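Note that these values count all heavy atoms, side chains included, but never hydrogens, waters or copies made by symmetry. As the structure is a prediction and not an experimental result, all values here were calculated from the model. Numbering of ligands and ligand atoms starts at 1, following listing order.
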Amino acid sequence: MAIDCLVLGAGQEVGKSCVVVNMNGKKIMFDCGMHMGHHDHQRYPDFSRISRTGDFDSSLTCIIITHFHLDHIGALPYFTEVCGYKGPIYMTYPTKALAPLMLEDYRKVMVDRRGEEEQFTSENIEECMKKVTAVDLKQTVQVDKDLQIRAYYAGHVLGAAMFYAKVGDSAIVYTGDYNMTPDRHLGAAQIDRLHLDLLISESTYGTTIRDSKYAREREFLDAVHKCVTNGGKVLIPTFALGRAQELCILLDDYWERMSLKVPIYFSAGLTLQANLYYKVLINWTSQKVKDAYTTRNAFDFKHVCSFDRSLINAPGPCVLFATPGMISGGFSLEVFKHWAPYEKNLITLPGYCVAGTVGHKLMSGKPTKVNVDRDTQVDVRCKIHQLSFSPHTDAKGIMDLVNFLSPKHVILVHGEKPRMIALQGRIQSELGIQSFCPANNETVSIPSTHYVKADISDTLRRHSKCPNFKFSKTDSGENSDTGFMPTPLNPLQVFDDRVTEGILCLDRSKKAKVVHQDEFLGMLGAEKHELQFAYCCQVPIGNLGNAIETEVANVLPVIDNGSWLHLLTGKLAIELNDVNIQECGEHIQVESISISVCLNDDCPHRISETNLNKSEAVYFCCTWLAADEPLARNVISTLRKLELSTNLTTAG
Ligand SMILES: [Zn+2]
Ligand SMILES: [Zn+2]
Ligand SMILES: [Zn+2]
């Protein structure tokens with residue numbers, strides 16, 4: 001079985017996000033966006049790749065929309081009302097509330113102001129939104145008996161969510177746009193540690209690592225303040241929702257602190273209406289905004305008022321928020337034409353502008369003239385400031401999320417090709433996770449997970465029943481979690497650590513079964529062999545041996561094999577905690593490890609080491625079974641560190 005991902009948009013680009021995932025027979029469309037940089041058929045995803053006949057209801061199980069940005073939802077009314085999709089659509093409550101405002105604003109810009117052919121009407125938007133099922137964060141929704149989905153907080157914009165989807169044993173997460181650090185009005189993305197076959201992540205800033213947020217905000221405020229002090233006008237092209245509110249909180253706060261009187265305007269009633277929604281949906285905002293809510297709603301802006309068209313050429317400084325962002329048309333473009341030719345003025349652009357927009361042209365170098373449409377050219381003499389803070393995660397955030405979730409595969413979307421390829425390389429080399437960055441209309445197939453249920457045999461079950469008690473004395477309890485409760489000194493603790501080891505048998509004709517090793521031998525009709533390891537370890541004894549030879553042994557205890565073993569037992573008891581060491585006359589037994597003094601000069605288990613004189617070293621022959629390999633390594637490394645002479649009196 002495989003998970004097939006058809007990337008219909010945002011493949012090696014930003015715009016018209018749309019990924020159709022076919023997982024164990026369920027087909028989910030994640031996002032249904034439009035591209036702001038195109039004005040022809042390329043503005044929408046190529047839906048004909050989902051169904052040649054246009055029967056979308058039987059080719060899709062559901063649509064999931066991550067947030068209200070047009071590059072994620074802009075094609076939805078077209079797909080439902082014009083293409084005729086009637087199946088289920090899911091998004092969060094705030095997205096459902098705010099999306100119609102975004103869609104209506106976009107429709108007006110395109111049709112009423114730019115005179116373009118109408119793609120969908122106001123009625124279409126209304127009808128489309130009626131088909132939407134709103135979901136809450138972390139609410140598990142059963143789309144049908146096999147498909148489960150769940151939303152997680154993504155930061156980015158109000159209501160933005162990452163979506164988890166699970167069919168059978170296969171599970172994926174589609175992030176949409178997200179932010180791993182909180183900003184002024186939203187918190188950081190939050191998700192559970194999930195077992196995933198696939199993570200589909202945005203990668204807008206795939207190679208950027210950002211410095212302190214404070215410094216970047218400071219830079220923006222300084223640029224704005226300097227401009228208005230010199231009598232200039234500041235144009236902030238922005239979408240009605242999202243960055244507008246973030247920058248408004250920032251400016252309103254600054255105006256208050258600096259006692260500035262210069263007016264701050266909003267271009268349309270739309271944003272004022274949007275601010276109302278933000279006030280209502282306060283639960284989805286940052287902890288800081290929520291905490292301050294009882295005394296003041298952060299979206300009650302003191303210094304912001306609405307703008308009238310007649311003010312465009314009014315004298316004096318001002319700050320204006322105008323839609324749409326990236327100066328892709330509409331009112332922000334109209335104001336741009338009037339203000340750009342004057343040196344005093346300032347235009348602030350977001351960190352990212354889609355190719356094909358005026359914003360994108362302004363960002364590439366510093367052009368002196370910009371063609372805004374077929375027959376209009378604008379002289380650009382004003383200052384241009386590019387915001388370096390953004391509601392998207394940076395490269396570190398993406399790596400952190402991928403590392404945290406540790407999915408089996410990663411697909412990168414929503415980014416520019418060179419950055420994506422660099423990030424893809426990092427994910428593979430640093431995290432060892434296979435990753436892809438497909439182009440539009442490409443399909444990536446990854447294997448899906450399928451668990452096999454196996455019975456456990458009666459014999460193995462019986463063997464697992466025997467308790468395996470372990471006793472240990474704890475410390476005085478200083479570090480325990482009992483708080484101020486008094487704990488008795490050295491209480492005896494009893495553990496029952498049972499580990500069952502069996503052998504999985506997959507027989508073509510029967511059900512999978514886990515059996516005991518002896519049972520397995522019976523099934524194979526084979527004899528039992530046990531592998532034993534051996535090592536003859538040299539331990540230096542300093543001048544102790546000489547002392548015996550020069551017959552001053554009368555001042556020391558008589559050193560025979562038993563004494564060496566006794567000394568060794570003492571040393572091992574100090575080095576190895578919680579291990580049962582038994583002295584059995586001629587040898588010491590530690591689990592399956594047997595240690596005895598070796599008198600055979602040609603012992604085959606001896607590896608010649610330092611050329612010590614026969615009287616300067618004693619050899620210990622050790623044998624053990626494979627199961628005790630780790631413990632044996634421990635014992636041998638203890639042996640090798642031993643200098644038996646130095647501690648004779650205390651060990652004896
Ligand atoms: Zn977005
Ligand atoms: Zn986006
Ligand atoms: Zn030996």
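Counting only N and O atoms by type, the side chains of Tyr619 and Asn600 include no donor and acceptor under 3.5 Å apart. The closest side-chain donor-acceptor pair between Tyr174 and Ser201, if any, does not fall under 3.5 angstrom. Counting only N and O atoms by type, the side chains of Ser17 and Asp71 include no donor and acceptor under 3.5 Å apart. Counting only N and O atoms by type, the side chains of Gln12 and Asn440 include no donor and acceptor under 3.5 Å apart. Side-chain N/O atoms of Thr208 and Asp394 include no donor and acceptor closer than 3.5 Å.
Computed with the Zn ion (ligand 3) at the centre, the Cys621 SG to Cys536 SG angle is 110°, stated to 10 degrees.
The number of protein N/O/S atoms found under 2.8 Å from the Zn ion (ligand 1) is 4.
Using a 4.0 Å cut-off between charged nitrogen and carboxylate oxygen, Glu629 and Arg633 count as a salt-bridge pair.
Note on His414: its N/O/S atom closest to the Zn ion (ligand 2) is NE2.
The aromatic rings of His67 and His156 lie perpendicular to each other, with more than 60° between the two planes, well past the 30° mark.
At least one N, O or S atom of Cys598 sits under 2.8 Å from the Zn ion (ligand 3).
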